[in-house]
Amino acid sequence: MIREEVAEILKTILGVEEIPFNVPPKREMGDFSSAICLSLAKEKRRPPLEFAKEVVETLKSTLLPYILEVTLSPPGYLNFKVNWPKLTEELIPEIFEKADHFGQPREIKNEKVFIEHTSVNPNKAMHIGHLRNSVLGDTVARIFKWLGYRTEVCNYIDDTGVQVVDVVTALLYLDPPFFREEDMDIQTIWEKVPADQPFDYFCWDLYARFQGEVEIDLSLREKREKVLHQIESGTHPVAFFAKELATRIVRSHLDTVAQLSIYYDLLNWESDIIHQGFWEATFDLLKARGGLRLEAGGPNQGCWVVPFGGIVETSEGVRSLDKILVRSNGSVTYTGKDIAYQLWKFGLLDKDFLYEKWGTQANGEDLWTTARDGQPGDHISKQFGKADWVINVIDVRQSYPQEVVRECLKQMGFKKEAERSIHLAYEVVNLSPQAARIVGAEEKEEKKAVAMSGRSGTGVKARDFIEIVKKKVVEKADHALEESVVSALACAAIRYYLLKFTLESQIVFDFDEALKTTGDTGVYLEYAHARACSILRKAEERGVIFGWKKTNLPSQLTETERDLVETLSRFGSVIAKTGKNLRISQLTEYAFDLATAFTNFYEHPDPGAELQTPFIHLQDERLRSFRLSLVKAFQIVMGNTLKLMGMATLERI
RNA sequence: GCGCCUGUAGCUCAGAUGGAUAGAGCUACGGACUUCUAAUCCGUGGGUCGGGGGUUCGAAUCCCUCCAGGCGCGCCA
């Protein structure tokens with residue numbers, strides 16, 4: 001808030017786009033500083049010190065809000081001293097007044113951001129790697145909503161992919177009674193499913209087992225091939241069976257992520273993309289708008305391709321870099337379908353899904369789903385798709401296919417949409433050797449990290465992890481906790497753990513690391529918030545009334561008061577910045593800074609003094625009132641920060 | 001072969017657009033609860049920012065090169 005305003009003034013004085021700020025090595029020098037004159041001096045061919053002197057003179061004649069003094073230190077840094085009491089005088093009432101909306105941009109953006117996340121194959125239980133995706137996507141959605149965008153959160157369900165086919169085949173043909181097409185009621189197959197185990201867990205094992213069996217048993221491969229076609233037909237009983245299976249798994253996925261306060265607006269089913277003829281429309285569009293070519297010869301003879309790099313010769317022979325969208329047998333590739341889907345997201349396709357309500361979620365919001373016999377888009381209260389921005393949350397391994405989709409959009413002439421197609425790429429979650437051992441993965445060679453794999457059944461299942469964290473939370477508490485508090489703390493711990501890494505950092509999942517409840521963790525944040533709530537509650541119980549009064553403001557703030565005020569003032573710009581660069585870990589970093597600033601203020605409101613007096617016991621009524629106001633302000637801003645990260649705002653722990 | 005990412009304290013990680021003396025948390029050791037919540041706080045210890053070159057007033061950050069690790073590049077999805 002202060003820096004932005006100073007930046008604006010400097011921009012007009014210096015005529016530059018960006019003003020970088022940093023913190024001086026010593027506080028006495030200033031509260032923040034800028035080296036802008038140093039970098040500009042070179043351009044202007046002037047001695048930096050002399051140039052900076054001029055700038056300081058100009059600044060002195062300008063009215064700077066909240067700035068007490070501008071000084072100069074060699075070789076040309078501008079140092080700014082903030083008038084903290086003046087800033088506090090403006091900031092605290094603003095926080096009180098705006099409360100939940102403090103820091104939010106005033107204007108409502110008339111743009112819609114479409115965020116797709118989770119998108120787990122509906123054939124087995126989720127694992128912790130999937131949770132990283134969901135938590136990131138959910139947090140991004142919360143940030144954009146906060147920033148005033150319309151958002152639509154969508155979970156893509158690939159119900160026709162090979163993964164579902166495998167589990168369906170396994171269920172039909174691995175154990176007796178086997179499926180007999182002619183005379184069998186499909187219900188007998190469902191009766192094979194054990195009742196004493198969650199269905200997604202059952203499928204987790206079944207899928208892994210099938211991978212092993214299909215390697216040896218050739219007849220299983222034929223059966224799988226048959227099942228694939230039956231599912232693709234859309235009308236065969238097996239197709240309905242597959243849809244039912246996927247639906248049951250999706251339900252368990254939704255239940256799982258709901259434990260981390262993750263909800264959606266829409267479920268998009270791959271089968272509906274196919275049935276609604278999205279690809280055919282896209283194919284026509286591609287042909288009409290160019291970029292697509294039918295290969296008459298070469299390695300890709302008979303295929304429709306998007307020219308990407310032509311033919312190259314490598315050590316392994318001749319290869320084509322062009323992207324095949326339609327195979328020589330006429331079938332469409334995954335990328336082709338993905339392009340169609342991306343076009344729909346932007347409303348560029350003359351096709352739409354049919355929709356129906358799926359149900360009401362625990363957050364009170366309706367969840368919709370695409371459906372084969374649903375309502376047309378213009379008959380329902382919601383409008384899906386037609387976004388201005390599309391954010392696909394997918395792990396980094398999909399970077400190339402995502403780049404292809406973007407490139408194809410560009411080649412079709414949808415340049416703006418291509419630019420607004422954002423792939424939020426994050427690194428995968430692997431298991432530490434210790435974690436791998438615990439989940440029973442057999443590794444021949446000793447590796448630093450073990451990849452999770454649905455195929456081999458290696459992974460920490462999401463719900464197992466949540467339960468383990470809950471147990472740990474209960475264990476660590478020195479008093480009995482309510483069930484809702486346990487859940488909220490587990491949610492905060494897990495979300496924080498998955499958010500605090502930078503996107504390009506691989507998480508090597510380790511139980512000891514992930515189960516921490518002290519220090520830089522979600523529990524610490526919740527604790528700080530609850531502590532603030534307790535102070536305010538206790539103050540009220542004791543009849544200590546306080547309110548914001550300008551006259552209560554001390555002429556000078558203590559160090560910890562000042563740090564807290566400074567951190568509070570940064571809130572709005574941190575969120576704006578995070579929305580801009582999508583470096584989500586900046587949000588967790590800020591949350592930790594804020595909680596730490598408060599805790600320091602709480603522990604040492606008078607740094608250096610022999611005795612620290614609890615706020616509510618202060619004799620000086622004005623100081624007491626002022627400090628309690630700071631607690632209140634913290635409680636509001638910390639609450640906002642927690643909500644943005646999808647964490648509860650616990651009032652007591 | 002081509003491309004992308006990573007390498008920072010014993011461990012796990014922050015350090016966006018180059019800035020002044022590189023920061024947290026965990027671990028270890030030593031302290032602080034009759035108190036507004038000790039899941040906290042204070043102190044001590046801990047670093048050739050993978051190696052080497054370069055760019056410049058200034059490099060963990062930019063360029064080159066080498067080393068180590070991960071990932072991607074299919075008429076798979």
Side-chain angles (χ1 to χ4, degrees), chain A residues 18 20 22-26 29 33-35 38-39 41-42 48 73-77 121 158 160-163 270 299-303 305 309 312-316 319-321 324-329 331 333-335 337-338 395-401 403 425 427-428 430 447-449 451 473 476-479 489 500-508 510 512-513 516-521 523-524 526-528 530-539 542 544 577 580-581 583 585-586 588-589 592-593 596 599-600 602-604 612-618 627-628 631 652-653:
Chain A
E18 287 294 324
N22 33 59
V23 184
K26 281 182 185 168
M29 300 170 83
S33 64
S34 179
L38 288 168
S39 36
K42 199 189 299 176
S73 63
Y77 291 99
N121 275 306
D158 183 4
T160 60
V162 286
Q163 295 221 20
E270 159 116 346
N300 295 335
Q301 185 171 5
C303 298
V305 305
V312 288
E313 257 182 81
T314 68
S315 52
E316 294 147 32
R319 260 184 55 190
S320 168
L321 295 178
I324 293 165
L325 297 189
V326 181
R327 304 185 186 99
S328 54
N329 69 3
S331 63
T333 62
Y334 178 81
T335 309
K337 281 185 253 182
D338 227 18
D395 76 56
V396 71
R397 292 172 302 186
Q398 295 282 337
S399 293
Y400 178 67
E403 186 51 41
E427 264 291 354
V428 292
N430 288 327
K447 278 187 167 178
K448 278 185 85 176
V473 163
K476 281 280 166 182
D478 55 4
H479 57 280
L489 286 175
K500 75 172 184 175
F501 294 86
T502 54
L503 296 175
E504 45 281 311
S505 173
Q506 256 183 35
I507 299 180
V508 179
D510 187 88
D512 293 340
E513 198 67 37
K516 274 179 185 157
T517 58
T518 60
D520 187 11
T521 66
V523 174
Y524 179 87
E526 290 288 358
Y527 195 79
R531 176 184 261 166
C533 291
S534 280
I535 295 167
L536 297 170
R537 189 171 53 238
K538 195 131 294 177
R542 302 210 174 183
V544 178
K577 199 167 71 176
K580 210 168 165 185
N581 61 20
R583 300 177 71 85
S585 55
Q586 284 176 340
T588 54
E589 201 183 346
F592 185 61
D593 279 355
T596 305
T599 307
N600 285 336
Y602 165 84
E603 295 276 357
H604 313 284
Q612 303 293 331
T613 313
F615 306 148
I616 58 174
H617 295 158
L618 281 167
R627 288 189 175 164
L628 285 171
V631 175
R652 60 172 83 202
I653 290 175

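Letters go in sequence order (proteins before strands), and every chain restarts at 1. The analysis underlying the following values was restricted to heavy atoms, covering all of them including side chains, and did not include hydrogens, waters or symmetry mates.
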Worksheet item: Nearest 0.5 Å, what's the CZ-OG1 distance between A:Arg627 and A:Thr613?
Response: 8.0 Å
Discussion item. So, OP1 or OP2 of B:C36: does either fall under 4.0 Å of a side-chain N or O from A:Arg627?
Written reply: no
Worksheet item: Given atom CD of A:Gln506 and atom P of B:G70, what is their separation to the nearest angstrom?
Response: 9 Å
Discussion item. Counting only side-chain nitrogens and oxygens, does A:Arg327 get under 4.0 Å of the OP1 or OP2 atom of B:C76?
Written reply: yes
Item to complete: Drop me the distance from A:Asp520's CG to A:Thr588's OG1, to the nearest 0.5 angstrom.
Response: 7.5 Å
Worksheet item: Rounded to whole angstroms, how far apart are CD1 on A:Ile324 and C1' on B:C76?
Response: 12 Å
Worksheet entry | Contact under 4.0 Å: A:Arg531 side-chain N or O vs B:A38 OP1/OP2 | yes
Worksheet, complete the sentence: Taken to the nearest whole Å, NE2/A:His604 to P/B:C33 is 13 Å
Item to complete: List in chain and number order the residues that pass side-chain hydrogen bond (donor to acceptor under 3.5 Å, both in side chains) with A:Lys500, two or more places apart in sequence or in another chain; answer none if no residue qualifies.
Response: none
Practice prompt. Kindly express the pairing pattern of RNA chain B in dot-bracket notation, using | wherever a base pairs with another strand and counting only Watson-Crick or G-U pairs under 3.5 Å.
Written response: (((((((..((((.....[...)))).(((((.......))))).....(((((..]....))))))))))))....
Fill in: Nucleotide B:C71, atom C1' - distance to CD1 of A:Ile507 in whole Å
16 Å
Discussion item. Can you tell me if A:Tyr524 touches the phosphate of B:C41, counting only side-chain N or O atoms and a distance under 4.0 Å to OP1 or OP2?
Written reply: yes
Worksheet, complete the sentence: In whole angstroms, the gap separating P of B:G25 from CG of A:Asn600 amounts to 10 Å
Worksheet item: Can you check whether A:Lys448 has a side-chain N or O nearer than 4.0 Å to OP1 or OP2 of B:G69?
Response: no
Worksheet item: Taking the P atom of each, how far is B:C11 from B:C49, in whole Å?
Response: 16 Å
Discussion item. Counting only side-chain heavy atoms from C-beta out, which of B:G70, B:C36, B:C41 sits nearest to A:Glu603?
Written reply: B:C41
Discussion item. If you go through the side-chain atoms of A:Tyr527, does one of them form a donor-acceptor pair with the base of B:U37 closer than 3.5 Å?
Written reply: yes
Fill in: Minimum-distance nucleotide to A:Tyr400 side chain [options: B:G72, B:U12, B:A77]
B:G72
Worksheet item: Does B:A77 have OP1 or OP2 sitting under 4.0 Å from an N or O in the side chain of A:Thr333?
Response: no
Practice prompt. Indicate whether OP1 or OP2 belonging to B:A16 is found under 4.0 Å from a side-chain N or O atom of A:Ser585.
Written response: no
Discussion item. Determine whether a donor-acceptor pair (one donor, one acceptor, N or O, separation below 3.5 Å) exists between the side chain of A:Ser505 and the base of B:C13.
Written reply: no
Worksheet entry | Atom-to-atom span, CZ of A:Arg652 to P of B:A39 - whole angstrom | 16 Å
Worksheet item: How long is the line joining CD of A:Glu504 and P of B:G7, in whole Å?
Response: 9 Å
Worksheet entry | Spacing of A:Glu513 atom CD relative to B:A24 atom P, expressed in whole Å | 18 Å
Discussion item. Please pick, from B:C71, B:A39, B:G19, the nucleotide with the shortest atom-to-atom distance to any side-chain atom of A:Leu38.
Written reply: B:G19
Worksheet item: Should the pair A:Phe615 and A:Tyr602 be assigned to parallel (<30°), tilted (30 to 60°) or perpendicular (>60°) ring geometry?
Response: perpendicular
Discussion item. Tell me whether the side-chain N/O atoms of A:Arg537 come closer than 4.0 Å to OP1 or OP2 in B:C36.
Written reply: no
Item to complete: Determine whether any donor atom in the side chain of A:Lys26 lies under 3.5 Å from an acceptor atom in the base of B:U21, or the reverse, and answer yes or no.
Response: yes
Worksheet item: How far, in whole Å, is B:U27 from B:C73 if one measures between their P atoms?
Response: 41 Å
Worksheet item: SG/A:Cys533 to CZ/A:Arg652 distance, rounded to the nearest 0.5 angstrom?
Response: 10.0 Å
